[in-house]
Amino acid sequence: MNEAVKPEKIRCDACPVMCYIADGRSGACDRYANAGGELVRLDPLTILENRLEDGGDVVPFLASSESEGVDSGQSRFITAVGAGTTYPDYKPAPFIVSSEVNGVDMITVVTEGIFSYCGAKVKIDTDRHLGHECSPVRVEGEQIGHVTTAEYGSQMLSLGGVNHLTGGSKKEGRVTCDALLRLCNGEPVEMTIDDGATLIVEAGKPPIVNGTQENVMRVGCGSATVGMFAAQWKGLVDEVIVVDDHITGVMSEHQAGKVIGWPETGIKINGRRSTPGRYFQVAEPGTGWGGTDLDDPLKIIGKFNPKTAWPGLSILMVSTTGEHAAYYELNEDLEPVEKDMPPRLKPSAERIAENCEPAMTSVLFMAGAGGSLRAGTTENPIGLTRSVQAAITTVTSGGAPVFVWPGGGITFMVDVTRMPKNSFGHVPTPALVAPIEFTMRAEDYRALGGHMDYVMPLQDAVNGVRAKQNDHILSGARSVGSKKGNPWPLS
Ligand code: SF4
């Protein structure tokens, strides 16, 4: 009796985990599988078409008749999304593709990089206090990053990085990797900040702070708001205070008020006076008026000077988004008493709100292309680094433009919303997998010691011809249009 022959496992060597994979199963990262003894990269290769994005379907590779003449780099670009990784990278990158642009021969080196040194810089458009600088940011109780320096109208988080991925406990690394992966692939991630807020952040969407969606970012700091709208308030109200956690502005004292002849009111603000009409630290940071912890803005006002103030003096208090606004008049004891907002002042609060931009969450993936990744491009890795630094070689990520940091190495940042959907993967080391493409003139590639023997025409790559250095085959291709606003990677 014949015993069924059990197919042998094959070994994936696309990352240091080196999985043995049985037929019909996938490896630990779900990126590679064993299909009848062939190692298959499961996600389709993403081919960028020179048209605006309208979705994109997964298809088998194109029949040659359909794809004739496609080696013009002006119409198609092979991204690294789904291209696979060659590890360790003394091997050439999975695809080294030639194309022609305006009569110039170009080379694009395409690989999915495995990044241990990587993370995300997250900009959250809100005035609300999310947490003190350096406070830990946690997911499932594990620290995945920290609060970093605030920017104008936005709070900033620095997430991931090698210390959280590999320098802590196994769980910390796994949770950090998973949170980064979801964030970079455009999924919402819930996180908490020690002694601060609970957040749900998603690239390109409004942040949710303590369960409330943030709608607008401030028009400016309190001082700037006073300056911007001073002329519009003149003659409508006796005093305006724009409440802001960073700089609270007071019209009658501010230079903007002085210039247009705003009368003094004898107001006193409880805070640290920086310059006339500009006050720091009027309250504690929080999620109330203008990013302070105030729910009653009168707490920042001291006694009015009886030599200057008068009964009936009118006061508008407003936050930097116009979200909070209240109107007061001084009584006979020169104490502010809240009154209904007069119709004449409503348009000014609405004008502030109108000038606020929608609040968004921005996620920039940041990583350093390691020495071994560079060796997949050239036998002399420093040549690639110098070529990138000299702007001879262009770096893209999934076809999206990147910012390359000055100084040593190839350290880049990319807006994840400008990349094709689901561009990121992971391996359990743990590390993130992200697409990276290096494009340059063929003569420059040759000059920097590129792997010329492994160059294949763009048309072959589009047709699904197997690259000779690839231990794996591809499962298919998806064709996607360019994201609006992205320059064509080969332009
Ligand atoms: S984790 Fe994924 S890439 Fe790494 S060896 Fe296993 S299947 Fe291959």
Side-chain angles (χ1 to χ4, degrees), residues 6-46 58 78-96 109-119 160 162 164-166 169-182 184-185 187 365 367-377 397-398 419-420 422-437 454 466-478:
K6 202 174 169 190
E8 283 190 9
K9 290 181 176 178
I10 57 172
R11 189 160 200 188
C12 173
D13 62 358
C15 92
V17 178
M18 308 283 268
C19 296
Y20 281 104
I21 310 174
D23 190 20
R25 307 295 294 271
S26 57
C29 64
D30 285 334
R31 297 166 59 233
Y32 289 89
N34 177 348
E38 285 269 32
L39 187 66
V40 182
R41 176 72 180 92
L42 288 173
D43 302 295
L45 178 70
T46 295
V58 177
I78 303 291
T79 78
V81 181
T85 311
T86 46
Y87 173 84
D89 278 323
Y90 60 83
K91 294 184 200 166
F95 288 93
I96 302 175
V109 181
V110 173
T111 191
E112 287 180 297
I114 299 176
F115 294 101
S116 303
Y117 287 85
C118 75
V162 71
H164 294 300
L165 281 168
T166 64
S169 68
K170 207 167 177 179
K171 186 180 174 201
E172 181 180 334
R174 180 179 56 74
V175 170
T176 300
C177 187
D178 178 64
L180 286 178
L181 180 64
R182 286 186 288 138
C184 291
N185 274 339
E187 295 175 31
F365 173 72
S372 59
L373 178 65
R374 285 174 268 172
T377 304
S397 183
M419 300 169 70
N422 291 325
S423 285
F424 292 83
H426 86 291
V427 291
T429 50
L432 243 63
V433 177
I436 188 161
E437 304 98 21
Y454 293 84
R466 186 174 185 163
K468 69 177 171 185
Q469 70 272 37
N470 276 354
D471 299 326
H472 63 273
I473 59 172
L474 298 172
S475 57
R478 69 169 170 159

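Both counts, for ligands and for their atoms, begin at 1 and track the order of listing.
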TODO: Could you grab the distance from atom NE2 of His472 to atom CZ of Arg31, nearest 0.5 Å is fine?
DONE: 9.0 Å

Open item on the list: Measuring from atom CG of Leu432 to atom CZ of Phe365, what distance do you get when rounded to the nearest 0.5 angstrom?
Closed with: 5.5 Å

Task: Under 2.8 Å from atom 4 (Fe) of ligand 1, the protein N, O or S atoms, given as residue and atom - done: Cys15 SG

Task: Residues Asp178, Arg182: salt bridge by 4.0 Å N-O rule - done: yes

Task: Side-chain donor/acceptor of Arg374 to backbone N/O of Ala369, under 3.5 Å - done: yes

Open item on the list: Treating Thr85 as the side-chain partner and Gly113 as the backbone partner, does any N or O pair qualify as donor plus acceptor under 3.5 Å?
Closed with: no

TODO: Rounded to the nearest 0.5 Å, what's the gap from CG on Leu39 to CD1 on Ile10? Could you check?
DONE: 4.5 Å

